Engineer: 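Structure provided below as structure tokens; questions to follow.
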Amino acid sequence: AQTRTGVLAEPVYNYDEAKVGDLTLPDLLRTTAGKQVTSRADWAARRAELLQLFAENVYGKTPAQPVRLQFQTTSIQQNALNGLAIRKQVSIVFTDYPKLPPIEVLIYVPKNAAKPAPVFMGLNFCGNHCVSPEADIPLSTRWVDNAIGEVSVNNRATEKSRGMQERRWPIDTILKRGYALVTAYYGDIEPDHKTGWRSGIRSVLGDTARYNGPQDSQWGAIGAWAWGMSRIMDYIQTDPALDARRVVLMGHSRIGKAAVWAGVQDERIAAVISNESGEGGAALSRRWYGETVERVNTSFPHWFTGRYKTFNQRVADLPVDQHELLALVAPRPLYVASADGDQWSDPKGEFMGALYAEPAYKLYGKTGLGVTTFPGLNQSVGQTVRYHNRTGKHDVTNYDWAQYLRFADELVR
Ligand code: GTR
């Protein structure tokens, strides 16, 4: 087994299966007090306990207080995308916090489809103008990472970033299959850098005086992005063109971590897709492979709660592991996807996360993954829980979307 002593000299990532070490996972169906979960009633209590453990130790506590919102429609285009869709832009305005910028939501509803339409919802990485082919979407005015495609200047988007991540959102295909698409820029909720909380929702909600103290359980940026997803759900519930009972939440990578956390907390969300969410997402933390707890906490200290960092060098002491997070999606459909060229996210660890969520699905009389062997490349496996490991790099591709659309057709419609 891997020794964790002399840790300062150690790299905090690993690509050697021989060094993965012992994988004794916490028992999903055993409460902290040692009681075995055998019924759905027991599970309800265990579920609440696990939610609290993830809040206290990993993502931080999501403030429960209701926040007053206004939904302001800023534009409607009846013939968007050559007549395929009605396009709406809606600002989610924080009534009590006028200094906070709104969440700018971009909505495409298919014209030739049943109404209300089922929905794919997801936050995007670089602004709505980045994922739409339409040139009249306003450029995001919020902070963007200068590293994103070298098309931002002084952390602001430029015209060059239009359509840059269109490929990750095959809007036409989604619409033609009868789904609406609802998206917003994750940086509207909190800019993704160490001091980004100062201009996001965490500047006004939660204990704003003491962020990231070493022991505390304050929410981090991932918690904030997840919270934002729920505010978009609040909007979806008010829009008669959108079916709020059939919302499939998709998230890639860091936004995938946030999507799973949103999906477990907000049971209005009908199904969850984790695309290469990796460490702190679908991948088991105790599997010391690819990115590690220590590494993600060091590179991105603002993502998780302060207390998570105290586990950097003693991951085995974490009271939870990520299969227990995925289990909190049950009985709802869950898709976990990896890419073979993205070993950083630990495809095997993501598969095992999905696999060991199985007992929760069983309590509902459902089959989760239903297979125990790691599938070959480009094979979608599973039932209520699905998994694939596709060829290619860390990304969202047409292959991924083909699986997600079929998954939604079969399990959500
Ligand atoms: C990486 C990070 C991953 C993942 C990824 C992404 O740098 O280590 O955990 O979140 O970024 O979001 O693309």
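We count ligands from 1, going down the list as the structure has it; atoms in each ligand are counted the same way. Everything numeric here is computed off the predicted structure, so don't read it as measured data. Excluded from the calculations below are hydrogen atoms, water molecules and symmetry mates; all remaining heavy atoms, backbone and side chain alike, are included.
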Engineer: Starting from atom 7 (O) of ligand 1, which protein heavy atom do you reach first, and at what distance in Å?
Structural biologist: F300 CZ, 3.4 Å

Engineer: Number the atoms of ligand 1 from 1 as they appear, then name those within less than 4.0 Å of a heavy atom of W303, with their elements.
Structural biologist: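 In order of numbering, the contacting atoms are 9 (O), 10 (O).
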
Engineer: Which one holds for R254 and ligand 1: side chain close, backbone close, both close, or neither close, with close meaning a heavy atom under 4.0 Å?
Structural biologist: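 R254 to ligand 1: contacts from backbone and side chain alike.
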
Engineer: Check whether any heavy atom of H252 sits under 4.0 Å from an atom of ligand 1.
Structural biologist: no

Engineer: Quick test of your reading of the model: are D400 and R168 salt-bridged, counting only N-O distances below 4.0 Å?
Structural biologist: no

Engineer: Using side chain to side chain donor-acceptor pair (under 3.5 Å) as the criterion, list what pairs up with R406, not counting sequence neighbours.
Structural biologist: Q403

Engineer: Using a 4.0 Å heavy-atom cut-off, which part of H394 comes near ligand 1: side chain, backbone, both, or neither?
Structural biologist: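 It is the side chain that touches ligand 1; the backbone stays farther off.
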
Engineer: Checking ring-ring contact (aromatic ring centres under 6.0 Å, His included) against Y186, which of W143, W227, W225 comes through?
Structural biologist: W225

Engineer: In this structure, which one of E17, Q343, K19 forms a side-chain hydrogen bond (donor to acceptor under 3.5 Å, both in side chains) with Y289?
Structural biologist: Q343

Engineer: Run the side-chain hydrogen bond (donor to acceptor under 3.5 Å, both in side chains) check on S91 and Q72 step by step: do they pass?
Structural biologist: CA-CA 5 Å; S91 301; Q72 296 173 359; 5.2 Å; no

Engineer: Ring of Y179, cation from R413 - is the NZ or CZ under 6.0 Å from the centre and inside 45° of the axis?
Structural biologist: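 Yes, a cation-pi geometry holds between R413 and Y179.
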
Engineer: Which of these, S277, G251, S253, has its nearest heavy atom closest to atom 5 (C) of ligand 1?
Structural biologist: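 Checking each option, the heavy atom nearest atom 5 (C) of ligand 1 is found in S253.
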
Engineer: At a non-hydrogen distance cut-off of under 4.0 Å, which region of E279 contacts ligand 1 (side chain, backbone, both, or neither)?
Structural biologist: neither

Engineer: Taking the minimum heavy-atom distance to atom 8 (O) of ligand 1, which of E291, E276, K257 ranks first?
Structural biologist: E291

